[in-house]
Structures are given as structure tokens and as C-alpha cells.
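Atom set for the values below is all heavy atoms of this structure, side chains included, hydrogens, waters and symmetry mates excluded. Every chain is numbered from 1, with letters handed out A, B, ... down the list of sequences.
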Protein chains: 2
Amino acid sequence: MAQAKVGDFDEMDLELLRCIEADFDVSLETLSDELDLSKSAIHYRLNNLKESGVIRGVTADLDPVSFGLDMVAITEVAVTHEQGYSEDIGTSLAAVEGVEQVYYTMGDVDFVAISRVQDRTQMNEVIEDMVAIDGVNETSSRFVMDEIKSDPQIMPSVSDDVEAQLLEE
Amino acid sequence: MAQAKVGDFDEMDLELLRCIEADFDVSLETLSDELDLSKSAIHYRLNNLKESGVIRGVTADLDPVSFGLDMVAITEVAVTHEQGYSEDIGTSLAAVEGVEQVYYTMGDVDFVAISRVQDRTQMNEVIEDMVAIDGVNETSSRFVMDEIKSDPQIMPSVSDDVEAQLLEE
DNA sequence: AATGAAATCGACCAGCA
DNA sequence: TGCTGGTCGATTTCATT
């Protein structure tokens, strides 16, 4: 099946995706009732969406607090500008234990990393590991006091004008 | 069943969680083979982990690029300090269409938001919506050129010293 | 692209260590 | 509490439209 590209859905696909993004732990029957489609049809569409890469996977959403991982920090990382190494540095940052997200950004800061650990000792280790990476110049961290919204979801961002652009192709 | 708290796992639980966090689209039989446990036992443990809240849910991981959502920005939001409204402001930020993550942080910046849209027009709308929120003082955005690591996962952060603290209780 | 029937797999229960 | 084995119901697959 073809790779994922923009605009390969109909309204039914979008509704189906909206149902399952937040909770895939539902029976085909529930979806069947909700969308007025036979169970087989739901299954058929789900398969297509998986094979086309729209559904990248099915994952378990774990509670960090159950593991004592309740300390989060956002770290800005500036690198020395000998161009070309940036990708490697990003990969190294992502490999540091406790680092959950890494973004390469425009501007003077270069990288933003979000990490999650159990306590200050581990947070210090994370930052030390970052500073130890070849090419890292400076870091600046802020503690997160409240995660108002994490677990990024796509479908809430797909609405109105976004959907319009998707369906008109 | 009791609520999630730290330290309610054994090594088998941790291995099981490591298997399913990245890919829950596997059969019980595969897990059974991998962990040398009967299918019923796997099912039993999965149920416990769900009921105790360690597994918060099962979600479909969608590819943003398939929806044309390939523009990401990190926005720092400073608020006017009339104390008490901060939670509301955070909720309002999270409700803006296109905003995926919102963190309330220590320091002079107050909030960090990560948003994902299709194009610059939509990005402008997001930022306008943020500025329009009562109590928001100033915003500063950077474009993300590369998402080196997103889709935060917990289990990679649970290792060595973290696991040690979990199992010794 | 969707259906219905047949084969396969997962959910649940009673009982056991 | 943690696990087993078996039963029933759900899901996957496939021939057909």
C-alpha cells in the first residue's frame, strides 16, 4: 500500500481516527455502532490506515507517577557552531537517559529538551550528561511545576480549516 | 483495586510494560513466548496494570505529516502576575486549537507551549489566540526545524537506578 | 469498498497452588 | 495473590458482491 501522504482520507476515516486516537481499547462493535458501519468495514479501514502509515502504531499510555517519575524539566541547549554536527548532537541528547523529547529549533538556542526523572539527583545526572556531549556549549533548565497538557494528540488539531484542506484534494 | 503508587511491580511487570509501551499491537501469544508466561497470566497482569492506573490507556499513534501537520513551534508565554489566575490561563492555552502540550514552569516565563499546525497562517492564528487570553502578557516563539524525539515514552527512562528504587520497596 | 461465514484469537471464570 | 485450562465471544481473514 502507498505511503502516507496528505489527503488520502474521507470523512469516515477522520471520524474513525478521532474515536481511536484517545482510546484504542474499544471493541469493533462499539466503533461499528458509533459509525454505522459493519465490523468488517471498520476492520478494513483500520488496516488501510495502518498500512498507509497514518496509524503509526498502537501504544500503551503509561502513568509516569506510578514509577516515581514526577519531576520534569525543560532544558535549552546551545551548541558551538561548527556546522554539520548538529544532527549528531541531537541524537546524543535524545539518547540521554531520562530525556523524553528533543527539538531542533531556529534561533540562538538550537535545542530544546524535555526530560523526566525521579528526583534532583537524577536531574543533575541528566544535565551533566548533556553538558558532556561534544559540541554542547551551554544549557539552561527550568523545572516544570505542572504538566497542564502532555501526551500530544493529533486529531484535536485536525478541525475546521485543517479538515477543509484535507478533504478538498 | 488500589490506585497507582510507586513500587507495586515486579521485574515481570516491568518487562511486560517495556514490550507494550512502544507497540501494543501484538498478540497475547507473542508476549507469552517472549516472557515465558502463559497467555492467561499475561492477560491477568495486563488487567491489574490497567486497573491500578499504571496503564492509563491504549492509544493510536497517528502520523501528523499525513494530515499536513508538519509545522511545529515552541512558544514561551509570560503572564501578568495577578496571582491565582495561572491555572485558568494554562487551561485556556491548552484549549487553543493546534496546541499539543502546555507546561507551567518556574521562572520568569511561566508557560511553555508546543503547537503543531499546517502552515504559517494557522501558526499566526494560534499565537493570536494565545495573546488574546486574559492575563497573557507576552509570547515568544521559535520554529522547530526537526523533531529529533517526540512521542514521549516512559519505560526508556525506567532503568538501572530508577528500577532499583522501584524494586527495593 | 463492503459483506457474511469460517477459522483464529482474546476475555473471562472457576478452581488450584 | 498469581496462575492454569477451558469456554464463550470477539476479531481476523477470505471468497464474494
Side-chain angles (χ1 to χ4, degrees), chain A residues 1-63 66-67 163 166-169, chain B residues 1-63 66-67 163 166-169:
Chain A
M1 162 77 59
Q3 264 297 75
K5 64 175 177 109
V6 176
D8 253 6
F9 326 94
D10 57 12
E11 294 87 343
M12 189 62 81
D13 285 322
L14 293 177
E15 291 216 40
L16 178 54
L17 291 169
R18 260 188 268 270
C19 287
I20 62 169
E21 187 181 27
D23 183 12
F24 209 159
D25 209 5
V26 292
S27 68
L28 285 189
E29 198 151 2
T30 309
L31 294 170
S32 173
D33 291 348
E34 202 117 353
L35 301 176
D36 278 311
L37 218 58
S38 75
K39 293 192 273 185
S40 301
I42 302 274
H43 185 260
Y44 173 77
R45 294 179 96 107
L46 282 176
N47 258 354
N48 284 348
L49 289 166
K50 282 180 190 173
E51 279 173 25
S52 67
V54 176
I55 299 177
R56 289 191 294 201
V58 179
T59 57
D61 173 27
L62 305 184
D63 171 39
S66 298
F67 301 89
E163 186 168 333
L166 286 175
L167 295 176
E168 79 187 3
E169 291 176 37
Chain B
M1 164 78 58
Q3 264 297 75
K5 65 173 178 115
V6 178
D8 252 8
F9 326 95
D10 57 11
E11 294 88 341
M12 189 61 82
D13 285 321
L14 293 176
E15 291 215 39
L16 178 55
L17 291 169
R18 260 189 268 270
C19 286
I20 60 169
E21 187 181 26
D23 182 12
F24 209 158
D25 207 6
V26 292
S27 68
L28 282 190
E29 200 150 2
T30 309
L31 294 170
S32 174
D33 291 348
E34 201 118 353
L35 301 177
D36 278 312
L37 219 58
S38 76
K39 291 195 277 184
S40 303
I42 301 275
H43 187 260
Y44 173 76
R45 294 179 96 106
L46 283 177
N47 257 353
N48 284 348
L49 289 166
K50 282 180 191 174
E51 280 175 22
S52 67
V54 176
I55 298 177
R56 289 190 294 200
V58 180
T59 57
D61 173 26
L62 304 184
D63 172 40
S66 297
F67 301 89
E163 187 169 332
L166 286 175
L167 296 177
E168 79 186 4
E169 293 178 35

Residue pair [X] / [Y], side-chain heavy-atom distance below 4.5 Å:
| X | Y | result |
| --- | --- | --- |
| B/Phe24 | B/Thr59 | no |
| A/Asp13 | A/Val54 | no |
| B/Leu14 | A/Phe67 | yes |
| B/Leu62 | A/Ile55 | yes |

Only distances under 3.5 Å count here; give the side-chain donor-acceptor pairs of residues 30-41 of chain B to other protein atoms, sequence neighbours excluded, each with its distance to 0.1 Å.
{"residue": "B/Thr30", "atom": "OG1", "partner": "B/Ser27", "partner atom": "OG", "Å": "2.8"}
{"residue": "B/Ser32", "atom": "OG", "partner": "B/Leu37", "partner atom": "O", "Å": "2.5"}
{"residue": "B/Ser38", "atom": "OG", "partner": "B/Ala41", "partner atom": "N", "Å": "3.1"}

Distance-minimising heavy-atom pair for B/Gly53 and A/Ser66
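In terms of heavy atoms, the two residues are closest at O-OG, 4.2 Å.
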Can you tell me how far apart [atom1] ([X]) and [atom2] ([Y]) are? Round to the nearest 0.5 Å.
| X | Y | atom1 | atom2 | answer |
| --- | --- | --- | --- | --- |
| B/Arg56 | A/Asp61 | CZ | CG | 4.5 Å |
| A/Leu49 | A/Ile20 | CG | CD1 | 7.0 Å |
| B/Leu17 | B/Met12 | CG | CE | 12.0 Å |

Contact boundaries of DNA chain D with chain A (under 4.0 Å, heavy atoms), 5' to 3'?
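Counting from the 5' end, contacts occupy D/dT11 to D/dT13.
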Footprint string (nucleotides 4-17 of chain C, 5' to 3'): B base within contact, S backbone only, - free, heavy atoms under 4.0 Å:
BB----SSB-----
Enter the inter-axis angle for the ends of the helix from C/dA1-D/dT17 to C/dA17-D/dT1 (five pairs per end, rounded to 10°).
40°
All pairs passing side chain to side chain donor-acceptor pair (under 3.5 Å) where residues 14-23 of chain A contributes a residue, at least two apart
A/Arg18-A/Glu163
note: A/Leu49, atom CG; C/dA1, atom P; distance rounded to Å ~ 11 Å
Enumerate the residues from residues 10-18 of chain B whose closest heavy atom to DNA chain C is under 4.0 Å, giving them by residue number; use none for an empty result.
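The stretch gives none, as no residue of it lies under 4.0 Å from the strand.
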